[in-house]
Amino acid sequence: MGDTATDRNTKHANRSARRDIEHVDCVISGGGPAGIVAGLLLARGGVKVVVLEKHEDFFRDFRGDTIHPSTLRLLDELGLYHEFARIAHRRVEGVTLTGRSGEDILLTDFTRLNLPHPFMTIAPQRDFLNLLAKAGEDEPNFDLRMGVEATSLIWDDDRVVGLRAQNSTVAEAAPPTEVEFRAPLVIAADGRWSKARAEAGLSMRELPSTIDVWWFRIDTEAVLPDSVAPRGV
């Protein structure tokens, strides 16, 4: 005999009611570069950290494939630069702009920076994130949860004391798992349209820009210069 509508509703209610509670020192919403690096630094400092990333993996295109000299220095300090150097990347030492008469105008010369790596790189962000995630696996205090999305803040009066989260991709027959992460420190690193920031009522200062950048990729076998050369339209 098949399930009645009442039976199905009861099962759904039971499935929805399943919730676990975990206690950590810090929970971070968002497993991008900011969230994972913050978690890695805190974990190495002895802080028990959980980083939540709603996607199952990093295999997708991102807008931010540039890694700047200051970030390369941070990778050095984390002991990860040599691992990063093995990733296929393009080294960029300057930014040039073509003038009206066709001549190249040097806007930025990274080689003049007094830094260990005076250049910028362009590398697939998914490779960069996988490198950081692998480094986190070696830290006992670092826990990256892929496929887990933060859904709301947990409040105690007017103080945030954690995050609620659930599996972002759940099979039809599998019970949805909801977890409450109780933590004295909650970091919102879930992007420009951050749910956590909006729920906390934190204001955001928007800086105007006089230009828009159309970023795209073209397969080529040409030898590229060691500079970024934007073109105006």
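These values consider heavy atoms only, across backbone and side chains, with no hydrogens, waters or symmetry-generated copies.
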> salt bridge (Lys or Arg N to Asp or Glu O under 4.0 Å) with R73: which residues, sequence neighbours excluded?
Replying inline: none

Can you check whether [X] reaches [Y] side chain to side chain, under 4.5 Å on heavy atoms?
| X | Y | result |
| --- | --- | --- |
| V186 | F181 | no |
| V179 | I21 | no |
| R91 | F110 | no |

Atom pair [atom1] ([X]) and [atom2] ([Y]), whose distance is rounded to the nearest 0.5 Å:
| X | Y | atom1 | atom2 | answer |
| --- | --- | --- | --- | --- |
| I187 | S29 | CD1 | OG | 10.5 Å |
| I105 | L97 | CD1 | CG | 6.0 Å |
| T151 | L52 | OG1 | CG | 9.5 Å |
| H89 | F119 | NE2 | CZ | 6.0 Å |
| T121 | H68 | OG1 | NE2 | 8.5 Å |
| L113 | E93 | CG | CD | 11.0 Å |

For [X], which residues count as a side-chain hydrogen bond (donor to acceptor under 3.5 Å, both in side chains) partner, sequence neighbours excluded?
| X | value |
| --- | --- |
| R182 | E180 |
| D109 | T111 |
| S203 | none |
| H55 | E53, R60 |

Can you name the side chain to side chain contact (heavy atoms under 4.5 Å, CB included) partners of [X], sequence neighbours left out?
| X | result |
| --- | --- |
| D25 | V47, K48 |
| A38 | I28 |
| E149 | K54, S168, K195 |
| A198 | none |

In residues 75-88, what donor-acceptor pairs under 3.5 Å come from side-chain atoms, sequence neighbours left out?
| unit_1 | atom_1 | unit_2 | atom_2 | d |
| --- | --- | --- | --- | --- |
| D76 | OD2 | H117 | NE2 | 2.6 |
| E83 | OE2 | R86 | NH1 | 2.7 |

>> Checking one residue: V161. Which other hydrophobic residues are in its cluster under the side-chain 4.5 Å linking rule?
In response: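 Direct or chained contacts put V161 with I154.
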
Testing the basics here: between [X] and [Y], what is the closest heavy-atom pair and its distance to 0.1 Å?
| X | Y | result |
| --- | --- | --- |
| R197 | R192 | NH2-O, 2.5 Å |
| P184 | V24 | CD-O, 3.5 Å |
| V148 | A165 | CG1-CB, 3.7 Å |
| V51 | G30 | CG1-O, 3.6 Å |

> Are the side chain of R164 and the backbone N or O of A150 linked by a donor-acceptor pair below 3.5 Å?
Replying inline: no

Would you give me the side-chain donor-acceptor pairs under 3.5 Å for residues 130-144, sequence neighbours excluded?
| unit_1 | atom_1 | unit_2 | atom_2 | d |
| --- | --- | --- | --- | --- |
| N130 | ND2 | R126 | O | 3.1 |
| E139 | OE2 | R44 | NE | 3.3 |
| D143 | OD1 | R145 | NE | 3.3 |
| D143 | OD2 | R145 | NE | 2.7 |
| D143 | OD2 | R145 | NH2 | 2.9 |

>> What verdict does the side-chain contact (heavy atoms from CB on, under 4.5 Å) test give for L163 and L153, after you've listed the backbone C-alpha separation in whole Å, the side-chain angles of each residue and the deciding distance to 0.1 Å?
In response: CA-CA 5 Å; L163 277 176; L153 301 174; 3.3 Å; yes

